[in-house]
Each structure stands twice: as structure tokens, then as C-alpha cells.
K.L.:
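Let me begin by handing over the structure; questions about it come next.
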Amino acid sequence: MRSAPEGRTIVSFRISKNKKWVLIYFGDAEYAIASTESFEDIARPPIQPDGFEDATGFSWFILDDDHLIGQADLPSLDPGVGMTLSEKDSLPPRDTLIYIYTISSGTTTRAEIDGALPRPLNISENSEGRLLIMDSSYTVRSGAKIIPFFEP
């Protein structure tokens with residue numbers, strides 16, 4: 001058993017492939033990585049990307065036993081004239097930022113996105129835990145794969 005931080009609830013969790021840690025989501029882009037043996041936090045991935053003040057908070061997904069892949073969006077630029085607030089909120093993001101978080105070192109690195117992929121895009125996870133790359137409306141799979149390439 002593990003409790004959420006004070007004032008928070010555990011919204012969801014995913015267990016790593018090696019079953020040594022769990023990615024816990026508390027809502028509002030707040031995540032923790034906890035040991036499956038002690039239930040103590042191993043790491044806390046960042047909530048928002050550095051250098052992008054208007055970016056949304058991260059959504060993190062398990063990539064492998066030492067890495068998470070995270071997505072944040074840059075909202076549409078405000079077109080202003082004649083749109084209601086709800087119409088502005090429904091505009092698709094202007095771009096997607098993808099990052100890799102390395103658990104063992106606690107580092108976050110911006111990932112490259114193939115220029116052939118539609119932008120903005122979404123990373124999602126199916127019921128088997130497989131990562132999918134979708135268009136911004138979550139309706140069309142891109143057929144792309146996430147290929148980890150980590151320099152030694």
C-alpha cells in the first residue's frame with residue numbers, strides 16, 4: 001500500500017516491464033516513480049518543460065526499464081478576433097514537445113521528432129501498454145515507431 005501526497009489522490013499507475021518500479025500519476029502533470037519493493041519514491045519527473053512558459057504539463061509514459069517518454073503541448077496562438085473562450089480552448093496545439101526522462105540519472109532530454117510526422121501529435125497507450133503515435137485528435141495512427149537511441 002502507498003498513499004498519495006497530502007491533498008492529492010492517486011489517479012493511475014503503470015508498472016515497469018521489469019516490475020521493479022511503478023509510475024504513479026497524481027493529476028495535474030504530477031508523477032512519481034516508486035519502488036515496487038519499498039513503495040518509496042525513486043524519482044519525480046518534471047511537471048513542465050524548461051524554457052517554454054506557455055507549454056502544458058507533461059504526460060509521461062513508460063518507454064523501457066530506465067526511461068519515460070513525455071509529451072507537452074504548446075497551445076495555439078490566440079487568434080483573438082470573434083472567438084469565444086471555449087472556441088479558443090478547442091483549437092489544436094501549435095506544436096508538440098517530446099522529452100525522454102532517464103530514471104537512473106534524473107535527466108530530461110528533448111527528443112527529435114521525424115519531420116514527416118503530422119504535427120501536433122499525441123502519444124497514447126493502448127490496453128496492452130503499447131505506445132501509439134496519433135494525430136492531435138487521437139483519431140489517426142501515424143504508423144510511426146518510437147525508436148530509442150541513447151548515446152553512451
Side-chain angles (χ1 to χ4, degrees), residues 1-76 89-152:
M1 290 285 255
R2 183 211 159 105
S3 62
E6 190 167 330
R8 308 299 301 211
T9 59
I10 295 175
V11 175
S12 66
F13 65 91
R14 288 289 204 200
I15 298 173
S16 66
K17 292 171 183 29
N18 66 5
K19 299 185 179 6
K20 293 188 179 193
W21 53 267
V22 62
L23 177 64
I24 306 169
Y25 178 51
F26 303 110
D28 294 328
E30 185 180 351
Y31 290 82
I33 300 163
S35 164
T36 55
E37 292 180 14
S38 69
F39 301 111
E40 298 295 320
D41 285 359
I42 297 168
R44 292 262 180 159
I47 291 175
Q48 191 168 13
D50 287 334
F52 295 93
E53 308 322 325
D54 63 341
T56 63
F58 279 115
S59 295
W60 289 106
F61 302 91
I62 296 173
L63 185 58
D64 63 28
D65 290 333
D66 192 34
H67 299 94
L68 302 178
I69 187 167
Q71 169 188 331
D73 291 317
L74 295 172
S76 290
D89 286 343
S90 68
L91 292 172
R94 70 181 187 269
D95 202 1
T96 304
L97 305 170
I98 304 293
Y99 286 77
I100 303 295
Y101 179 77
T102 303
I103 298 164
S104 59
S105 65
T107 57
T108 307
T109 308
R110 189 156 177 206
E112 289 185 34
I113 302 172
D114 186 316
L117 286 173
R119 302 279 278 275
L121 58 88
N122 283 303
I123 296 174
S124 63
E125 188 174 32
N126 68 13
S127 59
E128 292 87 38
R130 195 165 183 199
L131 297 179
L132 305 171
I133 300 174
M134 313 282 283
D135 71 356
S136 63
S137 66
Y138 286 98
T139 57
V140 178
R141 290 185 191 185
S142 70
K145 288 185 179 181
I146 299 167
I147 302 172
F149 175 77
F150 305 107
E151 293 190 27

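All of these numbers come straight from a predicted model, not from anything done at the bench.
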K.L.:
Could you give the side-chain donor-acceptor pairs of residues 107-117 under 3.5 Å, partners two or more places apart or in another chain?
P.N.:
from: Thr107; atom 1: OG1; to: Ser105; atom 2: OG; distance (Å): 2.7
from: Asp114; atom 1: OD1; to: Ala116; atom 2: N; distance (Å): 2.7

K.L.:
Using 0.5 Å steps for rounding, measure from the OG atom of Ser59 to the CD1 atom of Ile69.
P.N.:
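Spacing of OG (Ser59) from CD1 (Ile69) equals 11.5 Å.
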K.L.:
Return the OH to CG distance between Tyr101 and Leu63, rounded to the nearest 0.5 Å.
P.N.:
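Nearest 0.5 Å value for the OH-CG distance: 14.0 Å.
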K.L.:
For Ile42 and Ser35, work out which heavy atoms get closest and say how close.
P.N.:
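Where Ile42 meets Ser35 most closely, the heavy atoms are CD1-N, 3.5 Å.
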K.L.:
Can you name the closest pair of heavy atoms from Pro75 and Arg94 and give their distance?
P.N.:
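Taking Pro75 first and Arg94 second, the nearest heavy atoms are O-NH1, 2.6 Å.
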K.L.:
Would you compute the distance between atom CE of Met134 and atom CG of Leu132 and round it to the nearest 0.5 angstrom?
P.N.:
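Answer rounded to 0.5 Å: 6.0 Å.
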K.L.:
Looking only at non-hydrogen atoms, find the nearest pair between Phe58 and Pro49 and report the distance.
P.N.:
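Closest pair (atom of Phe58, atom of Pro49, distance): CE1-N, 3.4 Å.
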K.L.:
Kindly give the heavy-atom pair with the smallest separation between Ala32 and Phe26, and that separation in Å.
P.N.:
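Ala32 and Phe26 have their closest heavy atoms at CB-CE1, 3.6 Å.
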K.L.:
Hey, does Leu68 have a side-chain heavy atom less than 4.5 Å from the side chain of Ile100?
P.N.:
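SC-SC contact between Ile100 and Leu68 ruled out.
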K.L.:
I'd like to know if Asp65 pairs up with Lys17 as an ion pair, taking the criterion as any Lys NZ or Arg NE/NH1/NH2 lying under 4.0 Å from an Asp or Glu carboxylate oxygen.
P.N.:
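No, Asp65 and Lys17 are not salt-bridged.
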K.L.:
Calculate, to the nearest 0.5 Å, the distance between atoms CG and CD belonging to Leu74 and Glu53 respectively.
P.N.:
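Answer rounded to 0.5 Å: 11.0 Å.
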K.L.:
Please report the closest heavy-atom contact between Leu121 and Asp73, naming both atoms and the distance.
P.N.:
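Smallest interatomic distance, heavy atoms only, reads O-OD1, 4.2 Å.
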K.L.:
Which pair of heavy atoms, one from Gln48 and one from Asp54, lies closest together, and at what distance?
P.N.:
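Here Gln48 and Asp54 meet closest at NE2-C, 4.5 Å.
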K.L.:
Measuring from atom CH2 of Trp60 to atom CD of Glu30, what distance do you get when rounded to the nearest 0.5 angstrom?
P.N.:
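Nearest 0.5 Å value for the CH2-CD distance: 14.0 Å.
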K.L.:
To the nearest 0.5 Å, what is the distance between CG on Asp41 and CD1 on Ile24?
P.N.:
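Spacing of CG (Asp41) from CD1 (Ile24) equals 6.5 Å.
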K.L.:
Counting only pairs under 3.5 Å, give me each side-chain donor-acceptor contact of residues 9-16, with atom names and distances, residues two or more places apart or in other chains.
P.N.:
from: Arg14; atom 1: NE; to: Glu125; atom 2: OE1; distance (Å): 3.0
from: Arg14; atom 1: NH2; to: Glu125; atom 2: OE1; distance (Å): 3.4
from: Ser16; atom 1: OG; to: Asn18; atom 2: OD1; distance (Å): 2.6
from: Ser16; atom 1: OG; to: Lys19; atom 2: N; distance (Å): 3.3
from: Ser16; atom 1: OG; to: Lys20; atom 2: N; distance (Å): 3.3
from: Ser16; atom 1: OG; to: Trp21; atom 2: N; distance (Å): 3.3
from: Ser16; atom 1: OG; to: Trp21; atom 2: O; distance (Å): 3.2

